[in-house]
Student: 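Got a structure for you, questions after.
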Amino acid sequence: MIEAGSREYKEISFSLALGSFLVFCNLYFFQPLLPMLSEHYQVSVLKVNWVLAAGTFALALSLVPWAILSEIIGRVRVIQISLVMIPVVGLGYLMADSFIVIVVLRAMMGIALAGFASVAVAYMAEELSPKALSLAVGVYISANSLGGISGRIAGGALTEYVGLDLALITLAVVSAAGGWYVITVLPKQRQFIPRKVSVITHLRSAINHCRDRTLLLAMLIGGLNFALFVNLYSVVGFRLSEAPFSLPVSLASMIFLCYLCGTYTSTLSGKWVNRYSAESGMVLGACILTLGMFVAIGNNYAAIIIGLGLISAGAFFTHSIAYGWVSRYAKQAKASATALYLMHYYIGGSIGGFYLLQCWQSYQWSGVVIGALILVMLILYCVRQLSHQRLRADVSSPCAN
């Protein structure tokens with residue numbers, strides 16, 4: 001197993017972090033543009049959310065098929081295919097001439113992104129030692145947040161100043177160059193053993209993961225956490241585009257710099273788990289997120305920025321711990337396990353958008369806070385059940401295979 005600090009560890013950690021950065025740049029490029037697209041295409045707040053939801057939902061549904069394929073052809077091959085597809089689909093946006101076409105292309109992008117997302121952590125889990133894995137996952141999740149920040153800010157600022165077409169071309173070129181680097185630098189796998197068995201066998205492994213309450217609870221925590229986090233930003237985007245703020249898209253997109261708080265706390269998650277417990281870390285993350293929602297009630301820029309910073313810090317801390325939990329405790333078919341976690345994660349994000357935006361349309365930010373508190377309570381309940389499950393289960397062999 002590869003230890004932290006070695007040359008191979010650095011190559012794996014950096015190249016997969018870069019790939020993660022590119023994935024999230026592409027996934028969230030359109031999020032700050034939702035108010036603008038709603039006005040341009042004359043569609044409602046809930047309908048325009050399909051631009052974001054189509055990508056995340058398609059990604060979620062594609063994760064397990066990609067993971068199953070990786071069990072046969074290898075993690076590296078799937079990563080390579082995914083990284084080639086991303087800029088190709090990205091250039092397809094230039095031909096979009098209607099709202100429906102954009103939604104369809106966003107779904108295609110979700111499929112392309114799912115290849116990398118479904119196997120990157122499984123690759124690390126198979127090649128790295130447990131301690132190195134905890135650190136590498138923290139770096140990987142930090143790259144998620146940096147990619148999300150960059151994609152959203154680029155989407156808002158570039159679109160306003162140079163136009164959407166040139167912004168999309170820039171994103172495709174950057175994705176192609178970064179993808180080439182990852183494909184070139186990422187080491188070949190040493191621990192992976194191809195499993196030439198039927199698709200039914202792989203699906204059975206996925207079903208067994210879901211039957212394991214320890215893994216399932218971690219997946220549910222991830223889905224609820226993401227339903228809150230990503231869609232609170234969408235709501236704030238609409239909030240800032242309306243009176244009394246009425247910000248242009250380039251300035252409104254700057255709120256995503258608050259993701260940097262999540263970038264920082266992600267790197268701390270591995271240290272927390274190694275010193276304390278995963279359950280206490282998830283509770284801490286949920287509490288910090290909740291505090292951020294209440295701070296953001298203030299109707300001024302400072303309150304919103306501080307609130308979003310706390311929301312980001314808490315959400316990424318919880319996500320890093322839950323994601324790492326699944327990677328560690330799935331002893332077999334790791335790609336299927338991590339893919340199932342991400343499937344719950346992104347389905348939560350897709351459904352949560354319609355839920356929280358409906359709360360926004362009906363009751364503004366106070367309604368969003370009330371709706372979000374329900375999800376927080378569900379997270380805390382799942383963490384409590386997870387703690388009880390750990391006391392009963394033999395954590396050395398958590399998978400019912």
Student: Return yes if some donor-acceptor pair links the side-chain N/O of S38 with the main-chain N/O of L34 below 3.5 Å, else return no.
Tutor: no

Student: Is there a donor-acceptor contact under 3.5 Å from the side chain of S20 to the main chain of L16?
Tutor: no

Student: In terms of side-chain heavy atoms, does Y233 have a donor or acceptor partner in S312 at a distance below 3.5 Å?
Tutor: yes

Student: Answer yes or no: does atom CE of M377 have more than 12 heavy-atom neighbours from other residues, nucleotides or ligands under 6.0 Å?
Tutor: no

Student: Of the non-hydrogen atoms in L18 and G178, which two are nearest, and what is the gap between them?
Tutor: CD2-O, 3.9 Å

Student: Is the shortest heavy-atom distance from the side chain of Y123 to the side chain of Q189 under 4.5 Å?
Tutor: yes

Student: Is any side-chain heavy atom of Y323 less than 4.5 Å from a side-chain heavy atom of Y345?
Tutor: no

Student: Keeping the roles fixed (side chain from N225, backbone from A315), state whether a donor-acceptor pair exists under 3.5 Å.
Tutor: yes

Student: Verify, without hydrogens or angle tests, whether S269 (side chain) and S266 (backbone) share a donor-acceptor contact under 3.5 angstrom.
Tutor: yes

Student: Under the 3.5 angstrom rule, does the side chain of S70 hit a backbone N or O of A67 as a donor-acceptor pair?
Tutor: yes

Student: Under the rule for side-chain hydrogen bond (donor to acceptor under 3.5 Å, both in side chains), what residues qualify as partners of S62, not counting sequence neighbours?
Tutor: none

Student: By the definition side-chain contact (heavy atoms from CB on, under 4.5 Å), identify the one residue from I304, I306, L308 that meets it with C258.
Tutor: L308

Student: Is it true that, when you exclude W365 itself, more than 12 heavy atoms of the residues, nucleotides or ligands shown sit nearer than 6.0 Å to its CH2?
Tutor: yes

Student: Could you list the residues that satisfy side-chain hydrogen bond (donor to acceptor under 3.5 Å, both in side chains) with H319, not counting sequence neighbours?
Tutor: Y341

Student: Evaluate the side-chain proximity of V368 to R239: yes if any heavy-atom separation is below 4.5 Å, no if none is.
Tutor: no

Student: Any side-chain donor-acceptor pair under 3.5 Å between R152 and Y259?
Tutor: yes

Student: How would you list, by chain and number, every residue that makes a salt bridge (Lys or Arg N to Asp or Glu O under 4.0 Å) with E279, sequence neighbours excluded?
Tutor: R390

Student: Any idea how Y181 and F14 line up, ring-wise: parallel (<30°), tilted (30 to 60°), or perpendicular (>60°)?
Tutor: perpendicular

Student: Sub-3.5 Å donor-acceptor pair from the side chain of S387 to the main-chain atoms of R384, do we have one?
Tutor: no

Student: Under a 4.5 Å cut-off applied to non-hydrogen side-chain atoms, are M293 and V376 in contact?
Tutor: yes

Student: Can you find a heavy atom in the side chain of C359 that is under 4.5 Å from one in the side chain of I370?
Tutor: no

Student: Under 3.5 Å, is there a donor on one side chain and an acceptor on the other for S234 and W360?
Tutor: no

Student: Whether the side chain of W66 engages the backbone of I111 through a donor-acceptor N/O pair (distance < 3.5 Å, no angle test) should be reported.
Tutor: yes

Student: Considering only residues two or more places apart or on different chains, which pairs with a residue in residues 80-101 satisfy ring pair (Phe, Tyr, Trp, His ring centres under 6.0 Å)?
Tutor: F30-Y93, Y41-F99

Student: What's the shortest heavy-atom distance between L27 and G55, and which atoms?
Tutor: CD1-C, 4.1 Å

Student: For residues 10-30, pull every pair meeting salt bridge (charged side-chain N to carboxylate O under 4.0 Å, His left out), keeping only residues two or more places apart or in separate chains.
Tutor: R7-E11

Student: Between F245 and Y301, is the ring centroid distance below 6.0 Å?
Tutor: yes

Student: May I ask you to test the M109-L105 pair for a side-chain heavy-atom distance under 4.5 Å?
Tutor: no

Student: Donor-acceptor pair, S118 side chain versus G115 backbone, under 3.5 Å?
Tutor: yes

Student: Tell me, do I255 and I305 make a side-chain contact under 4.5 Å, heavy atoms counted?
Tutor: no

Student: Please lay out, stage by stage, how E127 and R75 fare under the test salt bridge (charged side-chain N to carboxylate O under 4.0 Å, His left out).
Tutor: CA-CA 11 Å; E127 300 299 311; R75 322 297 188 208; over 6 Å; no

Student: Drop me the distance from I321's CD1 to I221's CD1, to the nearest 0.5 angstrom.
Tutor: 10.0 Å

Student: In terms of ring plane angle, is the pair F226 and Y346 parallel, tilted or perpendicular, where the classes change at 30° and 60°?
Tutor: perpendicular

Student: Which residues pass the side chain to side chain contact (heavy atoms under 4.5 Å, CB included) test with L378, sequence neighbours left out?
Tutor: L224, L375

Student: A side-chain contact here means heavy atoms from C-beta on lying under 4.5 Å apart; do L310 and L289 qualify?
Tutor: no

Student: Strictly distance-based, threshold 3.5 Å: is any side-chain N or O of S82 a donor or acceptor partner for the main-chain N or O of A112?
Tutor: yes

Student: If only atom types and distance count, is the side chain of N26 paired as donor or acceptor with the main-chain N or O of L22 below 3.5 Å?
Tutor: yes

Student: Would you mind telling me which of N49, T56, N231 makes a side chain to side chain donor-acceptor pair (under 3.5 Å) with S350?
Tutor: T56

Student: Looking at G352 and A227, what are the two nearest heavy atoms and their distance?
Tutor: CA-CB, 4.0 Å

